[in-house]
Enquirer: 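Right, I'll just put the structure down here and ask away after.
Protein chains get the first letters and strands the later ones, always in sequence-line order, with residue 1 at the start of each. Everything numeric here is computed off the predicted structure, so don't read it as measured data.
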Number of protein chains: 2
Amino acid sequence: MSRSQVSGRPRYAVVAQALTEDILSGRYPVGATLPSEHALCAQFDISRHTTREALRRLQALGLVTRRAGVGTQVKSDHIVQRYVQVGDTVSDLYQYAKDMVLNVLEVSDIKADAATAALLGSEKGEAWSQLRGVRAMDGGGVPVALMDAYIIHAYRGVLGDIEGAGLPIWSLIEARYGIVPAEVRQQISATTLGRNEAERLAAREGDPALRITRHYLTQALDVYEVAISLYPAERFTYSNTLRIEQPVSVS
Amino acid sequence: MSRSQVSGRPRYAVVAQALTEDILSGRYPVGATLPSEHALCAQFDISRHTTREALRRLQALGLVTRRAGVGTQVKSDHIVQRYVQVGDTVSDLYQYAKDMVLNVLEVSDIKADAATAALLGSEKGEAWSQLRGVRAMDGGGVPVALMDAYIIHAYRGVLGDIEGAGLPIWSLIEARYGIVPAEVRQQISATTLGRNEAERLAAREGDPALRITRHYLTQALDVYEVAISLYPAERFTYSNTLRIEQPVSVS
DNA sequence: GTGGACAATTTGTCCGGACATTTGTAACGG
DNA sequence: CCGTTACAAATGTCCGGACAAATTGTCCAC
């Protein structure tokens with residue numbers, strides 16, 4: 001009796017599919033509470049273990065949440081398709097060649113005024129360190145990017161690690177403080193180079209450029225680093241691959 | 001005895017953490033087979049149910065694979081951190097306002113020559129449909145984007161759905177054919193508008209612009225749609241949020 | 001030697017029971 | 001009226017056992 005004779009599929013899979021269809025069809029709307037494990041045992045004439053296995057599938061599909069003392073509640077009436085950034089880390093977010101290094105031009109400590117706080121997404125008056133630098137091939141090729149970075153005061157210790165580094169700053173923060181970005185917000189826009197920027201980048205004023213602004217947030221969604229990079233158009237293309245998360249099947 | 005007295009944590013969590021540390025430290029190298037469930041029961045003096053709960057955690061962490069008749073084998077010696085595109089679909093990939101519609105300028109059937117095949121990432125000689133259109137606010141505001149799209153012959157039926165549509169083409173393909181992109185490859189670069197492009201966009205020749213190229217791939221990694229959009233700089237900013245997949249803790 | 005039957009091992013499925021922990025609510029006492 | 005307590009209900013943890021299915025290797029017959 002370990003498999004249902006008719007279908008040849010595990011019983012928990014049959015139950016999971018039935019419940020899934022009930023949720024997708026709206027029979028159990030979002031927010032509703034599913035019958036308790038005990039009730040489902042009686043309804044499908046199965047053991048509690050099998051019931052829990054079925055509910056575990058629904059949970060993995062993101063359809064329900066389960067809490068002791070409350071029950072099983074419908075979280076979503078459709079199966080969410082999530083896209084995952086390929087590669088094992090955020091490495092695709094920096095795409096720096098191995099021999100690309102950052103040369104620091106200027107460093108200063110600031111207190112965020114209203115405009116800066118808005119840019120950084122932080123509180124006014126918070127203490128930050130500001131850094132300006134140029135990314136170029138090691139050995140002195142043409143510069144690829146002009147970067148303005150803001151690092152929250154608590155992690156200013158990385159400032160000493162930055163000169164000549166071939167890694168993005170968030171990676172240096174991770175190495176020194178063990179802080180991994182929980183969320184990364186990116187904004188990409190086109191612009192033209194100003195006179196000062198063009199000079200730093202050995203380009204012409206008015207040339208088209210890509211501006212990428214990235215906010216790095218902690219688990220608590222506090223911004224702890226902001227990087228604004230300016231890439232002359234012909235020297236850089238941002239690229240990105242998202243892959244659908246392999247769907248968790250009920251069977 | 002349902003919780004281990006010393007730690008106050010569930011027993012399966014203790015076992016899962018012990019095994020996790022053994023894997024991360026290399027005591028069980030990648031490819032090695034862990035002790036069988038029976039052996040782990042004896043080793044930790046727990047029931048098979050608890051053992052399986054612990055191993056289920058390791059599986060969720062992506063550290064091991066389990067197969068009947070074979071055993072539990074180490075798949076990875078480090079916990080991969082995956083970043084997920086937030087939002088319930090790829091909707092962040094299009095960011096179109098509700099009343100932004102696509103007006104078709106031109107449609108043609110083509111056979112991919114060498115250059116086109118390279119651009120599309122497909123085979124030379126394959127049959128595609130080509131479409132040029134302009135995205136603008138409904139009611140005739142300034143155009144926001146000039147778009148060139150390529151759709152593989154099999155899905156050319158969507159061409160009739162496109163005129164005036166407020167949704168991205170991949171979404172129309174999904175609605176009509178049930179095909180969801182399994183992978184999306186994106187390239188973003190800065191450029192300047194050519195004379196013809198500027199005219200279509202009611203902009204000036206030489207203005208900076210954002211070019212976004214997207215390849216949509218099936219599960220088998222065959223390209224079935226390519227969209228190339230050109231956005232005048234001040235009319236559009238691409239934005240994006242990646243969130244770390246909530247780490248599956250052993251506890 | 002090779003193919004097939006068989007056995008041993010391992011994980012998968014499923015049942016029964018028991019107690020712990022969490023949470024919402026209702027009864028109670030101030 | 002409000003805070004506390006007590007209870008009930010739900011899920012979480014854990015144990016025992018049994019058989020099924022998948023896989024691998026061994027042994028025997030040919």
Side-chain angles (χ1 to χ4, degrees), chain A residues 1-19 23 28 31-75 248-251, chain B residues 1-19 23 28 31-75 248-251:
Chain A
M1 153 125 103
S2 72
R3 294 264 177 137
S4 52
Q5 288 82 343
V6 272
S7 62
R9 292 169 54 210
R11 305 198 153 196
Y12 65 79
V14 175
V15 175
Q17 180 170 345
L19 292 174
I23 292 174
Y28 295 118
T33 302
L34 255 57
S36 70
E37 295 179 354
H38 183 73
L40 290 172
C41 289
Q43 181 180 332
F44 290 98
D45 190 28
I46 53 179
S47 75
R48 193 170 161 224
H49 176 87
T50 304
T51 301
R52 287 175 63 76
E53 185 63 39
L55 291 174
R56 198 192 310 265
R57 303 304 176 107
L58 297 198
Q59 200 170 20
L61 284 170
L63 291 176
V64 301
T65 60
R66 291 160 59 69
R67 274 191 312 159
V70 177
T72 303
Q73 291 173 323
V74 179
K75 181 171 70 174
V248 188
S249 171
V250 291
S251 48
Chain B
M1 153 131 98
S2 75
R3 294 268 175 132
S4 52
Q5 287 83 345
V6 272
S7 60
R9 293 168 53 209
R11 304 199 156 194
Y12 64 79
V14 176
V15 174
Q17 180 170 343
L19 292 174
I23 291 173
Y28 296 117
T33 303
L34 256 58
S36 70
E37 295 179 357
H38 183 75
L40 290 173
C41 289
Q43 181 180 334
F44 290 98
D45 190 28
I46 54 179
S47 75
R48 188 164 165 231
H49 176 88
T50 304
T51 301
R52 286 176 62 77
E53 185 63 39
L55 291 174
R56 180 174 294 145
R57 304 304 175 108
L58 297 200
Q59 201 170 19
L61 284 170
L63 291 176
V64 301
T65 59
R66 290 159 59 67
R67 275 193 308 160
V70 176
T72 303
Q73 290 174 323
V74 179
K75 181 170 69 174
V248 187
S249 171
V250 291
S251 48

Enquirer: Taking atom P of C:dT13 as reference, at what distance in whole Å does atom CD of A:Glu53 sit?
Expert: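 Between P of C:dT13 and CD of A:Glu53: 7 Å.
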Enquirer: Which residues in residues 33-52 of chain B have at least one heavy atom lying under 4.0 Å from any atom of DNA chain C?
Expert: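 When residues 33-52 of chain B is checked for heavy atoms under 4.0 Å from DNA chain C, the hits, listed by number, are B:Ser36, B:Glu37, B:Arg48, B:Arg52.
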Enquirer: Test of understanding: with side chain to side chain donor-acceptor pair (under 3.5 Å), list the residues that count as partners of B:Thr65, not counting sequence neighbours.
Expert: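 Testing B:Thr65 for side chain to side chain donor-acceptor pair (under 3.5 Å), a comparison that skips the adjacent residues, returns none.
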Enquirer: Using whole Å, report how far CD of B:Gln73 lies from P of C:dT10.
Expert: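 It works out to 12 Å between those atoms.
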Enquirer: So, applying side chain to side chain contact (heavy atoms under 4.5 Å, CB included) with A:Leu19, which one of A:Leu63, A:Leu58, A:Thr72 is it?
Expert: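 The single option meeting the side chain to side chain contact (heavy atoms under 4.5 Å, CB included) with A:Leu19 is A:Leu58.
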Enquirer: Can you check whether B:Tyr12 has a side-chain N or O nearer than 4.0 Å to OP1 or OP2 of D:dC14?
Expert: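 Negative; the distance criterion is not met.
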Enquirer: Please assess A:Gln17 against A:Arg9 for the test side chain to side chain donor-acceptor pair (under 3.5 Å), listing each intermediate value before the final yes or no.
Expert: CA-CA 11 Å; A:Gln17 180 170 345; A:Arg9 292 169 54 210; 2.9 Å; yes
Enquirer: To the nearest Å, how far apart are A:Arg56 CZ and D:dT11 C1'?
Expert: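 A:Arg56 atom CZ is separated from D:dT11 atom C1' by 12 Å.
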Enquirer: Please determine if a side-chain N or O atom of B:Arg67 lies less than 4.0 Å away from the OP1 or OP2 oxygen of C:dT10.
Expert: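 So the side-chain polar atoms of B:Arg67 never come under 4.0 Å of the phosphate oxygens OP1 or OP2 of C:dT10.
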Enquirer: Side chains of residues 32-40 of chain B: which donor-acceptor pairs under 3.5 Å do they make with residues two or more places apart or in other chains?
Expert:
{"from": "B:Ser36", "atom 1": "OG", "to": "B:Ala39", "atom 2": "N", "distance (Å)": "3.2"}
{"from": "B:Glu37", "atom 1": "OE1", "to": "B:Arg48", "atom 2": "NE", "distance (Å)": "2.5"}
{"from": "B:Glu37", "atom 1": "OE1", "to": "B:Arg48", "atom 2": "NH2", "distance (Å)": "3.0"}
{"from": "B:Glu37", "atom 1": "OE2", "to": "B:Arg52", "atom 2": "NH1", "distance (Å)": "2.7"}
{"from": "B:Glu37", "atom 1": "OE2", "to": "B:Arg66", "atom 2": "NH2", "distance (Å)": "2.6"}

Enquirer: C:dT11 C1' sits how many Å from B:Gln59 CD, rounded?
Expert: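 After rounding, the reported distance stands at 11 Å.
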Enquirer: For A:Ala68 and for B:Ala68, locate the closest nucleotide of DNA chain C by heavy-atom distance; then report the residue assigned to the nucleotide nearer the 5' terminus.
Expert: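 Going by which nucleotide is closer to the 5' end, it is B:Ala68.
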Enquirer: Side chain of B:Val70 only, heavy atoms from C-beta on: which candidate in D:dC14, D:dT24, D:dT11 is closest?
Expert: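 Of the options given, the side chain of B:Val70 lies nearest D:dT24.
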Enquirer: Can A:Arg56 and B:Arg56 be said to form a side chain to side chain contact (heavy atoms under 4.5 Å, CB included), step by step?
Expert: CA-CA 12 Å; A:Arg56 198 192 310 265; B:Arg56 180 174 294 145; 2.7 Å; yes
Enquirer: Which atom names give the shortest non-hydrogen contact between B:Tyr12 and B:Ala54, and what distance separates them?
Expert: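 Looking at all heavy atoms of both residues, the closest pair is O-CB, 3.5 Å.
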